[in-house]
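Computed over heavy atoms, backbone and side chain alike; hydrogens, waters and symmetry mates excluded. Each chain gets a letter, A, B and so on, in the order the sequences are listed, and its residues count up from 1.
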Amino acid sequence: MKALPADFYERPVLEVARELIGCTLAHDGAAGVIVETEAYHESEPACHAFVGLTPRTRTLLGPPGRAYVYRSYGIHALFNAVCEPDGVGAAVLIRALDPLAGVDSMRSRRARTVAAPPREVDLCSGPGKLTQALGITLAHNDGSLCGGPVLIGERPEGRRAPELIAARRIGISRAVELPWRFCAAGSRHLSRPPGAL
DNA sequence: CATGGGATTGACT
DNA sequence: GTCAATCCCATGC
């Protein structure tokens, strides 16, 4: 799998969020096709970088092409790709994957917190689920996405670019009206079906 | 220094 | 549908 170059991320975060649908996310022998993303930008209050530079947002405001991984609800690690030029706080949250490789290791990692054997469709159908399935942790924060252990690669050969659906972002309380969530149309691996705008 | 709120998930009623 | 788990850190006194 060929990794996307760093300059792919040094562009408007909405473009990157759309174009990452259909690309692959891989770590430690497991990989999936990205089917759901959300864009965040420092100009709107749902973005962590809205408040400016703090210890938490250091990575988010840093150079593009790196991982921004943070803890959510005290429990889950959420994975983002940092975008736009160094100094601009913007990132794409990866919310769901269509499992492509290493399904067995995904299943065993997910089984540590799920009582029933997880179905394939539930392995990566959420931002906290996919980091667990791939073994991505807070230790990967600020790591390169082009040469690090966590890689984002081009769309697999022979796989068509999916049709996109825009929707409102999930689980936020501010700037809820922005249609900055992007889904692969018809995917069975989404965290939630996209609603009407 | 104390408090409160999450870019969530899974179990339970 | 409801609810607890559990940590980082921004905010306010």
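In this structure, A/H48 places its NE2 atom 9 Å from P of B/dT8, rounding to the nearest Å. Atom P of nucleotide C/dA10 and atom CZ of A/F50 are separated by 15 Å, given to the nearest angstrom. A/I170 has its CD1 atom 13 Å from the C1' atom of B/dT9, to the nearest Å. Between the C1' atom of C/dG1 and the CZ atom of A/R192 lies a distance of 13 Å, rounded to the nearest Å. Taking atom CZ of residue A/R174 and atom P of nucleotide B/dA7, one finds them 10 Å apart after rounding to whole Å. Atom CD in A/Q132 sits roughly 7 Å away from atom P in B/dG10 (whole-Å rounding). The distance from atom CG of A/L138 to atom C1' of C/dC9 is 13 Å, rounded to the nearest whole Å. In this structure, the CZ atom of A/R119 is 12 Å from the P atom of B/dG10, given to the nearest Å.
For the pair A/R169 and A/Y40, the cation-pi test (distance below 6.0 Å, angle within 45°) is passed. Annotation: cation-pi geometry not satisfied between A/R71 and A/Y73 (NZ/CZ under 6.0 angstrom from ring centroid, within 45° of ring axis).
The residue A/R110 sits close only to the backbone: its heavy atoms come under 4.0 Å of sugar-phosphate atoms, none of a base. No engagement by A/S191 is indicated, since no non-hydrogen atom pair under 4.0 Å with the nucleic acid exists. Here A/R56 lies in heavy-atom contact (under 4.0 Å) with sugar-phosphate atoms only.
Both thresholds, 5.5 Å between centres and 30° between ring planes, are met by A/Y40 relative to the base of B/dA7, so the two rings are stacked.
Between A/Y9 and A/L4, some side-chain heavy-atom pair lies under the 4.5 Å cut-off.
More than 12 heavy atoms of other residues, nucleotides or ligands sit less than 6.0 Å from atom CD of A/E177. Taking a 6.0 Å sphere around CZ of A/R192, one finds it holds 12 or fewer heavy atoms contributed by other residues, nucleotides or ligands.
Checking the phosphate oxygens (OP1, OP2) of B/dT8, a side-chain nitrogen or oxygen of A/R95 falls inside 4.0 Å. OP1 or OP2 of B/dA7 has not a single side-chain nitrogen or oxygen of A/S72 nearer than 4.0 Å. In this model, the phosphate group of B/dG6 is approached by a side-chain N or O of A/S173 to a distance below 4.0 Å at OP1 or OP2.
Comparing A/G171 and A/V114 along DNA chain B, the residue whose closest nucleotide (by nearest heavy atom) sits nearer the 5' end is A/G171. Both A/K129 and A/E38 lie near DNA chain B, and the one whose nearest nucleotide falls closer to the 5' end is A/E38.
With C/dA10, B/dA7, B/dA11 as the candidates, the nucleotide lying closest to the side chain of A/N80 is B/dA7. Proximity note for A/I75 (side chain, C-beta onward) versus B/dT8, B/dG10, C/dT6: the nearest is C/dT6.
For C/dA4 and B/dG4, the P atoms lie 16 Å apart once the distance is rounded to whole Å.
Across all strands shown, B/dA7 forms no Watson-Crick or G-U wobble pair with both distances under 3.5 Å.
Judged by atom type and distance alone, A/Y73 does not reach the base of C/dA5 through any side-chain donor-acceptor pair under 3.5 Å.
With A/E19 contributing its side chain and A/V16 its backbone, the two residues share no donor-acceptor pair below 3.5 Å.
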